[in-house]
Number of protein chains: 2
Amino acid sequence: MILKGCNRFQMIGLEAVAKLAQVSSATASRALSRPDKVALETRTRVLQAAEELGYQPNHLASGLRKGKSRTIGVIISDILNPGQAMLAKGIQDAAAKSDYTVFLFNSDEESDKERRALESLRGHMPQGLIVVPTPGAKTNLKLVPNLPTIELDRASGLKNAHTVMVDNIGGTTTAINHLIGLGHKRIAMIVGDFAISTAVERHQGYREALEHAGIPYREDLVLAGHHREDGGRTAAHKLLSKPLKQRPTALFVGNNEMTIGAVLATRALGLSIPEDISIVGFDDSRWAMTLHPALSVVSQPAYDLGYLACETLLGLLERHKPPNASSVRLATNFISRESTAPPRKT
Amino acid sequence: MILKGCNRFQMIGLEAVAKLAQVSSATASRALSRPDKVALETRTRVLQAAEELGYQPNHLASGLRKGKSRTIGVIISDILNPGQAMLAKGIQDAAAKSDYTVFLFNSDEESDKERRALESLRGHMPQGLIVVPTPGAKTNLKLVPNLPTIELDRASGLKNAHTVMVDNIGGTTTAINHLIGLGHKRIAMIVGDFAISTAVERHQGYREALEHAGIPYREDLVLAGHHREDGGRTAAHKLLSKPLKQRPTALFVGNNEMTIGAVLATRALGLSIPEDISIVGFDDSRWAMTLHPALSVVSQPAYDLGYLACETLLGLLERHKPPNASSVRLATNFISRESTAPPRKT
DNA sequence: AACGCCAATGTAATCGTTTGCAGTAATTAA
DNA sequence: TTAATTACTGCAAACGATTACATTGGCGTT
């Protein structure tokens, strides 16, 4: 009681507002959040007092009392990846619209970092979670067993999960069909890590499109790039070093980073795009557009994806929906630029 | 008291741990955070109980009580800008190392969004703030008068501010000197918004370098690009449409986004880089590297900048440093690639 | 033996906000 | 006139963790 007047953040609390408005703190609280429960005259008095003192509610306290922190946790794989950054932006905007605040973390595709992020998060009592799951998510998510969670961009494989993803299979088949339509027969693919659902689905799309066109699936044309630029580079190098007759005439790359590597490897080998090799990447970006020749890509509605994921989560929080699994797929968009052309006549 | 056993988050509180360990909650608390104040035997008992119940401390509660939330607010200008994303990453990593959690916001260079971010932030009782200030920051920051704040990348102009920035003047003069060294005389610049300190400093660096080389400063060679791609495009278009004798032979662009616009405008006009025009950008990025020809740039140590800003802030929080202003400048690094060459012989 | 001291623990107040309950006054119904 | 209803308001108990203060018992000193 001794230090009552000297709070640490020189906080102006409800108590102070109440005193100035000559009401109890209970009434002051109601005046601010339950206008109908308080006489108009009293209410204006409280509002004025709050204004005068520059009162700002303390979310820690109200969060503690109400059991709602008005925060959500977000774990993306890598803020430096433009697609992921776009996801984050969509989430942020949706959250801000409903007055939620976001704790943002990067997993850098490492399950360990994901786990640490979840541990940090836990103590802050977020009301929900949006996560781009790493391969370890199935285990890690047990750390927050009762937290409403949306899996974004990929699925962890957990039953009863809510997911918001793109139509990877459809996006890929469109791209491959485009290449087939141009006359390509030897179409290679650089795939990501099969522990990540997008890689599996994109691979499946590739396979299905070939099959559908009656082109046999050849294992030697599918190399793993491990989601990284370096992996893309070495995979592309290997594919493009084949003797001309076996060398693919088109290359489909399963993600952003690997595509850069593939393009650089192509340049390094002195091959020209699209004359020697057509290339299609997954996920659009600034560099894909400004590249010369500009890259044809399967583009994802990343902003919408993030926005939608957040809206879905908040919907889950507001109306106490049953915890049934839900699954949303957004369509991709194939953008044909300059990196694809018919194969050279042989 | 009625619902004591049925907490909302099915929270396991200290109370529960204490009961299981047969001590008071006070002792349980001490066992966890003040090991030396508790008998070893008791401590292990508490730790074991905590482990068994999967106890997780509630930061809302401890934050409320201690007046320390272990969170910091971060407002960057745009998460989609790779440089800014890198700042965020540096901050995050530094924060995580000291067990702080980050509230991340985007201002999108709009003072209004910055203000709203600060308002959101306020209620969550962050212990500090790192902000890439918009032009309105000088006003906006009054919303959080006693919050330890680091200004990152730019200065708001507030007295007594702590700033962490790069040496914009030095970085620019190096770049301009490089162009001068190649033999350029008509060197144009596309500047940003002078309400932002980096634009002012980079412009000053440009001016100083010319002066030092005895080249007169010409107002018609300096155009505003307003920090956006579009602005860069129109400014470059105007500059490069001049009659050959007056057309600049080199172009220095004050930031990332504007540089893209400038490059696209150059391409659109059918001019080739670096034969017709040498271009240097400020701030490196993936597209600057992969561009053909690869762009020469003044690169900033963005990760370090963010990391350092966070460390500085946390330092301020830990040891109760006096609130003197401080100012850190990191050096830039000029990267010479393929977009600069001697001017054409006339 | 009497005293002081220290270590270990418990009691209870506190952080700021919310809310069930109870109380008061004013209004309406009977 | 009395009872019942309504509309406001205040009291006080939460939320979970921390910590000043009080209490206990054990030890050493004189």
Side-chain angles (χ1 to χ4, degrees), chain A residues 1-46 50 53-70 122-125 127, chain B residues 1-19 21-46 49-50 53-70 122-125 127:
Chain A
M1 201 52 129
I2 298 165
L3 295 175
K4 190 53 170 287
C6 142
N7 291 311
R8 291 158 302 204
F9 287 133
Q10 67 277 357
M11 274 247 67
I12 291 101
L14 260 187
E15 199 83 32
V17 175
K19 193 171 295 172
L20 180 58
Q22 306 182 54
V23 292
S24 73
S25 60
T27 304
S29 171
R30 280 186 286 248
L32 295 169
S33 45
R34 298 280 178 81
D36 53 315
K37 288 286 175 198
V38 123
L40 180 65
E41 195 263 343
T42 317
R43 195 165 103 80
T44 54
R45 202 145 33 90
V46 171
L53 296 175
Y55 168 75
Q56 195 62 22
N58 183 329
H59 286 37
L60 295 188
S62 71
L64 178 59
R65 175 62 230 252
K66 296 201 289 188
K68 322 198 150 217
S69 56
R70 290 202 87 74
R122 214 162 37 159
H124 292 287
M125 307 288 134
Q127 292 183 246
Chain B
M1 204 50 130
I2 297 164
L3 295 175
K4 191 54 171 284
C6 143
N7 291 311
R8 290 160 303 206
F9 287 132
Q10 64 280 0
M11 273 247 65
I12 291 101
L14 258 188
E15 200 83 31
V17 175
K19 192 172 296 174
Q22 306 182 55
V23 292
S24 72
S25 61
T27 304
S29 171
R30 280 185 288 246
L32 294 170
S33 44
R34 296 278 180 81
D36 52 315
K37 289 286 173 199
V38 122
L40 180 65
E41 195 265 341
T42 316
R43 193 165 106 81
T44 53
R45 201 145 32 91
V46 171
L53 295 175
Y55 167 75
Q56 194 62 22
N58 183 328
H59 286 37
L60 295 188
S62 71
L64 178 60
R65 175 64 227 256
K66 296 200 291 189
K68 326 205 144 200
S69 56
R70 291 203 87 76
R122 220 167 25 164
H124 291 287
M125 306 288 134
Q127 292 184 245

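A note on names: the letters A, B, ... follow the listed sequences, proteins ahead of strands, and every chain is numbered from 1.
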Just to be sure I understand the rule, does [X] reach a base, reach only the sugar-phosphate, or reach nothing, if contact means heavy atoms closer than 4.0 Å?
| X | value |
| --- | --- |
| A/S29 | base |
| B/A39 | sugar-phosphate |
| A/R43 | nothing |

Review point. When you measure from the side chain of A/S69 to the backbone N and O of A/M125, does any donor-acceptor pair fall under 3.5 Å?
Key: yes
Exercise for review: Could you tell me whether the side chain of A/Q127 and the main chain of A/R70 form a donor-acceptor pair under 3.5 Å?
Suggested key: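 Flag set: sc A/Q127 to bb A/R70 pair under 3.5 Å.
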At under 4.0 Å, does any side-chain N or O of [X] touch on OP1 or OP2 of [N]?
| X | N | result |
| --- | --- | --- |
| B/S24 | C/dT11 | no |
| A/R30 | C/dT17 | no |
| A/T27 | D/dG10 | yes |
| B/R65 | C/dG16 | no |

Quick one: which of [options] gets closest to the side chain of [X]?
| X | options | answer |
| --- | --- | --- |
| A/R34 | C/dT19, C/dT18, C/dG16 | C/dT19 |
| A/V23 | D/dG16, D/dT9, D/dG10 | D/dG10 |
| A/V38 | D/dA17, C/dT18, D/dT9 | D/dT9 |
| B/A26 | D/dA17, C/dT19, C/dT11 | C/dT11 |

Check your understanding: When the C1' atoms of the five terminal pairs at each end define the local axes, what inter-axis angle does the helix from C/dA1-D/dT30 to C/dA30-D/dT1 show, to 10 degrees?
Key -> 60°
Taking atom [atom2] of [N] as reference, at what distance in whole Å does atom [atom1] of [X] sit?
| X | N | atom1 | atom2 | value |
| --- | --- | --- | --- | --- |
| B/R122 | C/dT17 | CZ | C1' | 17 Å |
| B/L60 | C/dC15 | CG | C1' | 12 Å |
| B/L32 | D/dG16 | CG | P | 16 Å |
| B/E15 | C/dA12 | CD | P | 13 Å |
| A/L14 | D/dA14 | CG | C1' | 16 Å |

**Study point:** Residue mapping more 5' on DNA chain D - nearest nucleotide basis, A/K37 or B/P57
**Key:**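 The answer here is A/K37.
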Practice item. Map A/E41 and A/S25 onto DNA chain D by nearest heavy atom, then report which one ends up closer to the 5' terminus. Key: A/E41
Check your understanding: Considering heavy-atom distances to DNA chain C, does B/A61 or B/L40 have its closest nucleotide positioned more toward the 5' end?
Key ->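 The 5'-side residue here is B/L40.
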Check your understanding: Any side-chain heavy-atom pair from A/L32 and A/L14 closer than 4.5 angstrom?
Key -> yes
Point to revise | salt bridge (charged side-chain N to carboxylate O under 4.0 Å, His left out) assessment of A/R45 paired with A/E41 | key: CA-CA 6 Å; A/R45 202 145 33 90; A/E41 195 263 343; 3.5 Å; yes
